[in-house]
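A short worksheet on the structure shown next.
These numbers were taken from a predicted model, which means no experiment stands behind them. Just so it is clear: chains get the letters A, B, ... in the order the sequence lines come, proteins before strands, and each one is counted from 1. The figures that follow rest on heavy atoms only: side chains count, while hydrogens, waters and symmetry mates do not.
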There are 2 protein chains.
Amino acid sequence: MFEAFRQYTSQFITLSVSEQQGFENIFACRQVPAKTKLTREGQTANELFFINKGLVRLYYTKEEKEYTGFIFREHLFASSYESFLQQTSSIQTLETIEDCELLVCQHQQLQQLYDKIPALHILARKVAEQRFMSAQMIISSFVLDSPEERYLYFLRHHGDLLLRVPHHIIASYLGISPVSLSRIRKRQIK
Amino acid sequence: MFEAFRQYTSQFITLSVSEQQGFENIFACRQVPAKTKLTREGQTANELFFINKGLVRLYYTKEEKEYTGFIFREHLFASSYESFLQQTSSIQTLETIEDCELLVCQHQQLQQLYDKIPALHILARKVAEQRFMSAQMIISSFVLDSPEERYLYFLRHHGDLLLRVPHHIIASYLGISPVSLSRIRKRQIK
DNA sequence: GCCTGTCATTAACAATTGTAAAGAAAACAT
DNA sequence: ATGTTTTCTTTACAATTGTTAATGACAGGC
């Protein structure tokens with residue numbers, strides 16, 4: 001249940017057995033079907049998720065349409081980050097793409113644990129740093145690369161997701177229309 | 001000298017007088033003319049900057065051309081973040097846009113101070129979280145908005161920079177060509 | 001089995017953008 | 001003051017993208 005969780009956190013910090021125990025205790029396991037909303041736009045995200053199995057996407061809503069901002073894979077923390085951190089109303093929705101197994105933790109419990117396990121500050125810092133670096137790479141690809149290049153990069157690094165995620169979701173993640181993605185894919189085959 | 005620095009850090013943590021003293025001690029003040037490279041592509045960034053005065057931009061190089069990834073304003077930490085954090089070779093260059101007054105700190109000294117002042121972990125975490133949220137807003141604007149909408153957003157929030165930063169730099173920050181920016185601006189006047 | 005909803009592709013047209021090149025204006029240095 | 005560099009705009013053309021709509025494939029629910 002916590003194998004992947006332990007492996008992920010141990011990249012960043014080492015906890016004593018009792019600390020690790022206390023940390024894992026605030027997470028509950030939850031099985032969730034595909035297309036379930038985990039966090040809703042307009043509400044405060046008070047849960048943090050670690051994905052044991054499945055895929056989750058984060059999207060924005062604008063004029064009735066959904067725009068995917070990120071796709072979370074297995075063995076990553078997923079959340080509407082700023083809403084969770086600042087406990088403010090979220091402008092993003094978190095929704096499962098596949099059936100998922102999630103480890104779920106409440107904001108308040110995590111907050112209380114920071115005092116008991118100071119090393120969690122380091123973990124939180126490293127996770128935030130990692131997410132920032134990942135976000136920066138995405139920004140650089142928008143600034144540096146054409147839609148076609150962004151698709152090729154996605155193909156190389158997350159090619160397996162092409163079989164697991166509807167293409168219109170990938171298209172909006174790449175910042176283009178589904179039609180354009182289809183055209184780019186057609187060009188590549190030749 | 002450290003007024004803005006104190007104000008910025010006090011948003012996140014409160015240090016004792018001696019801690020604050022020790023923290024500020026690892027920063028040196030440096031006056032730098034415009035168009036000075038602070039961090040070079042291919043080298044490891046071992047300095048972190050706090051901008052007292054002036055503007056700094058971060059850019060990538062691709063096929064002899066420069067693509068701006070971020071523009072740092074006064075009273076912000078600026079750095080080639082991942083290179084500084086991981087002490088790896090950087091793919092980005094940091095360069096002043098205007099004459100700048102900077103507070104400069106070495107990676108090693110900061111690293112040593114983490115042990116003496118554990119609250120710095122919290123500060124580093126909050127700074128990373130803030131930068132991540134800022135990065136996420138930029139990503140969402142690439143996914144949600146047209147180049148024209150991105151320009152209008154930039155105008156509303158950083159309109160003063162239009163007078164301080166060459167437009168071709170702003171254009172590449174917005175992910176478009178200078179020609180396209182000029183066309184968008186022309187449309188807006190009417 | 002059938003129906004419905006979801007999804008991917010294609011076509012046609014309009015709109016936008018990128019590229020290359022040229023010119024004018026402003027800033028800078030000598 | 002002069003010449004050089006930098007910056008911004010404009011033009012013309014090619015390429016790409018967005019939009020709308022139609023089609024066919026596919027899976028899930030009843």
Side-chain angles (χ1 to χ4, degrees), chain A residues 32-37 55 57 59-60 62-68 71 95-99 141-155 159-190, chain B residues 33-37 54-55 57 59-60 62-68 71 95-99 141-155 159-190:
Chain A
V32 168
K35 299 200 182 180
T36 305
K37 290 187 173 56
L55 290 173
R57 75 179 171 123
Y59 67 84
Y60 303 86
K62 184 182 178 183
E63 294 156 11
E64 311 291 305
K65 287 181 222 154
E66 297 171 1
Y67 295 86
T68 299
I71 299 170
E95 186 179 301
T96 56
I97 294 175
E98 302 175 336
D99 296 348
S141 81
F142 274 109
V143 171
L144 284 168
D145 303 327
S146 65
E148 184 154 347
E149 289 172 308
R150 279 204 298 288
Y151 168 73
L152 290 174
Y153 183 88
F154 185 86
L155 187 64
D160 58 313
L161 294 188
L162 284 169
L163 299 173
R164 297 170 65 187
V165 180
H167 289 188
H168 64 93
I169 289 178
I170 293 172
S172 97
Y173 173 70
L174 295 173
I176 57 179
S177 67
V179 180
S180 193
L181 174 58
S182 179
R183 282 190 285 231
I184 288 171
R185 283 166 54 76
K186 192 175 183 181
R187 261 181 254 151
Q188 295 308 320
I189 296 167
K190 293 165 187 168
Chain B
K35 298 198 182 183
T36 306
K37 289 187 175 55
L55 290 173
R57 76 179 171 123
Y59 67 83
Y60 303 85
K62 184 183 178 183
E63 294 157 12
E64 312 290 305
K65 287 181 223 155
E66 297 171 0
Y67 294 86
T68 298
I71 299 170
E95 187 180 300
T96 55
I97 293 176
E98 302 174 337
D99 296 348
S141 81
F142 275 109
V143 171
L144 283 169
D145 304 328
S146 65
E148 184 154 346
E149 289 172 309
R150 279 204 298 287
Y151 169 73
L152 291 174
Y153 183 87
F154 184 87
L155 188 64
D160 58 312
L161 294 188
L162 284 170
L163 300 172
R164 297 169 66 187
V165 180
H167 288 188
H168 63 92
I169 290 178
I170 294 173
S172 97
Y173 173 71
L174 295 173
I176 57 178
S177 68
V179 180
S180 192
L181 175 58
S182 179
R183 281 190 285 231
I184 288 171
R185 281 165 56 75
K186 193 177 182 181
R187 259 182 256 152
Q188 295 307 320
I189 295 168
K190 296 167 188 167

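As rounded to whole Å, 11 Å separates atom P of C:dC7 from atom CD1 of A:Ile97. Per the geometry, CZ belonging to A:Phe142 stands 14 Å off P belonging to C:dG18, to the nearest Å. Per the geometry, CG belonging to A:Leu174 stands 17 Å off P belonging to D:dT16, to the nearest Å. Separating the OH atom of A:Tyr151 from the C1' atom of C:dA8 is a distance of 13 Å, rounded to the nearest angstrom. The CD-C1' distance, from A:Glu98 to C:dT6, rounds to 16 Å in whole Å. Separating the NZ atom of A:Lys65 from the P atom of D:dG18 is a distance of 11 Å, rounded to the nearest angstrom. Atom-to-atom, CZ of B:Arg187 to C1' of D:dT10 comes out at 14 Å; the value is rounded to the nearest Å. Between the CG atom of A:Leu161 and the P atom of C:dC7 there is a distance of 16 Å, rounded to whole Å.
Residue B:Leu162 is the one, among B:Leu162 and A:Gly175, whose nearest nucleotide of DNA chain D lies closer to the 5' end (criterion: closest heavy atom).
Counting non-hydrogen atoms under 4.0 angstrom, B:Ser180 reaches the backbone sugars and phosphates but no base. Contacts of A:Leu181 with the nucleic acid, taken as non-hydrogen atoms under 4.0 Å apart, are absent.
Nearest nucleotide to the side chain of B:His168, out of C:dT17, D:dT7, C:dA11: D:dT7. The side chain of B:Ser182 approaches D:dT9 more closely than any other nucleotide in the set D:dT9, D:dT7, D:dT17. Nearest nucleotide to the B:Val179 side chain, out of D:dT16, C:dA20, C:dT17: C:dA20. Checking C:dC7, D:dC8, C:dT17 against every side-chain atom of A:Lys35, the shortest atom distance belongs to C:dC7. Listed nucleotides D:dT11, C:dC7, D:dT6 differ in distance to B:Lys186; the shortest reach to its side chain belongs to D:dT11. Nearest nucleotide to the side chain of A:Arg183, out of C:dT17, D:dC8, D:dT19: D:dT19.
Considering every non-hydrogen atom in both B:His167 and B:Leu162, the closest pair reads NE2-O, 3.2 Å. A:Arg150 and A:Ile176 get closest at one heavy-atom pair: NH2-CG2, 4.4 Å.
Between the side chain of B:Thr68 and the backbone N or O of B:Ile170, no donor-acceptor pair lies under 3.5 Å.
Side-chain atoms of A:Phe154 and A:Leu161, non-hydrogen and from C-beta on, do get closer than 4.5 Å to each other. Residues A:Asp145 and B:Lys62 have side chains in contact (heavy-atom distance under 4.5 Å, counting atoms from C-beta outward).
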